[in-house]
Amino acid sequence: MNFNKNILSKKFYLNNAKIVAVNLLGKVLVRRMDDKILSGIIVETEAYFGENDPASRASKGYKNFNKLMWEEGGKTFIYMVHGNWLLNIVTSPQNIPSAVLIRALQPLEGIEIMKKNRGIDNIYRLTSGPGMLTKALKIDKSLNGVEVTSPQSPICIEDRGYKVFKICCSHRIGVKRDLPEKLRFYIKDNPFVSLPRKCQQYL
DNA sequence: AGGAAGATCTACT
DNA sequence: GTAGATCTTCCTA
């Protein structure tokens, strides 16, 4: 079996962020470091757009800190919020700013290492939040802008054939000014979806 | 220098 | 479950 075949190609990311956010559910985020592999199934995502999306980093216009959002899809876009690194994947063709935030994973490989990285034992708290998963997978600014479409990359996303039966959507979590459209997507009944406080307000 | 930012942890009721 | 403190860059003045 050819491993490269399972890696999501550039084409996958050249769509609208909302489409990519939905399609990423059930795919596997793979973190390669030295000889170690850490991975997990993507169970929760959020879509962010450009100028017209007040919650997006791109809403401020093209700046040094957000310029990756204008690049062609298929790269990481990583930044810090409240002391947590958040992992996004840039989407759409070049010059259309948009990205998908990876919010939660179901751990697959390297669970013991993730536990060590997080300093906790509860598997349901390992990667069930955007800041938690980056800590578990040792993802930080040093990985900002890397291509996720190459098998040698420290971060890539694979399709391992996991089936997603039902997808739910809600408003995005934690944003000050959200769009009327619901842009958070998650796998229904998956216990690894993040459990934010005041869940109700987002349903 | 000061404050905002897609969050998380802890310690309670 | 809920409130509150605290997390740490980077942006704006």
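Letters A, B, ... are given to chains in the order of the sequence lines, protein chains preceding strands, and every chain is numbered from 1. Heavy-atom basis, side chains included; hydrogens, waters and symmetry copies ignored.
- One can place CG of Leu86(A) at 18 Å from P of dA4(B), the figure rounded to the nearest angstrom.
- In the set dG6(B), dC9(B), dT8(B), dG6(B) carries the atom at the smallest distance from any side-chain atom of Lys176(A).
- In this structure, Leu87(A) atom CG and dA7(B) atom C1' are separated by 15 Å, rounded to whole Å.
- Closest approach of Thr91(A) to Ser98(A), counting heavy atoms only: OG1-OG, 2.7 Å.
- A 4.5 Å side-chain heavy-atom check between Leu179(A) and Pro54(A) finds at least one atom pair inside the cut-off.
- For the atom pair CG (Leu126(A)) and CG (Asp121(A)), the distance works out to 8.5 Å, reported to the nearest 0.5 Å.
- Hydrophobic clustering, with ILVMFWY side chains joined whenever heavy atoms are under 4.5 angstrom apart, groups Met114(A) together with Met33(A).
- A side-chain hydrogen bond (donor to acceptor under 3.5 Å, both in side chains) with Glu181(A) is found for exactly one of Lys18(A), His171(A), Arg172(A), namely Lys18(A).
- Residue-environment remark: NZ (Lys60(A)) stays at or below the threshold of 12 foreign heavy atoms within 6.0 Å.
- Dense packing is recorded around CZ of Arg32(A), with more than 12 heavy atoms of other residues, nucleotides or ligands lying under 6.0 Å away.
- For the pair Leu133(A) CG and dA7(B) C1', the computed distance is 12 Å after rounding to whole Å.
- The interatomic distance linking Arg184(A) (CZ) with dA7(B) (P) rounds to 11 Å, in whole Å.
- Per the geometry, CD belonging to Glu181(A) stands 18 Å off P belonging to dG6(B), to the nearest Å.
- With its glycosidic angle more than 90° from 0, dG4(C) adopts the anti conformation.
- Rounded to whole Å, atom P of dG6(B) lies 11 Å from atom CZ of Phe77(A).
- Base-pairing analysis of DNA chain C finds the following stems of at least three consecutive Watson-Crick or G-U pairs, with both pairing distances under 3.5 Å: B:1-5 with C:8-12, B:7-12 with C:1-6.
- No donor-acceptor pair closer than 3.5 Å links the side chain of Glu71(A) to the backbone N or O of Val90(A).
- When the nucleotides dT8(B), dC9(B), dG6(B) are ranked by their closest atom to the side chain of Arg118(A), dC9(B) comes out on top.
- Per the geometry, CG belonging to Asn122(A) stands 14 Å off P belonging to dT8(B), to the nearest Å.
- Rounded to whole Å, atom P of dG6(B) lies 17 Å from atom CD1 of Ile78(A).
- By the 6.0 Å contact criterion, OH on Tyr124(A) is open, its count of non-hydrogen atoms from other residues, nucleotides or ligands being 12 or less.
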Shorter than 3.5 Å, N or O on both sides, protein versus nucleotides 8-13 of chain C: list them out with atom names.
from: dC10(C); atom 1: OP1; to: Lys141(A); atom 2: NZ; distance (Å): 2.5

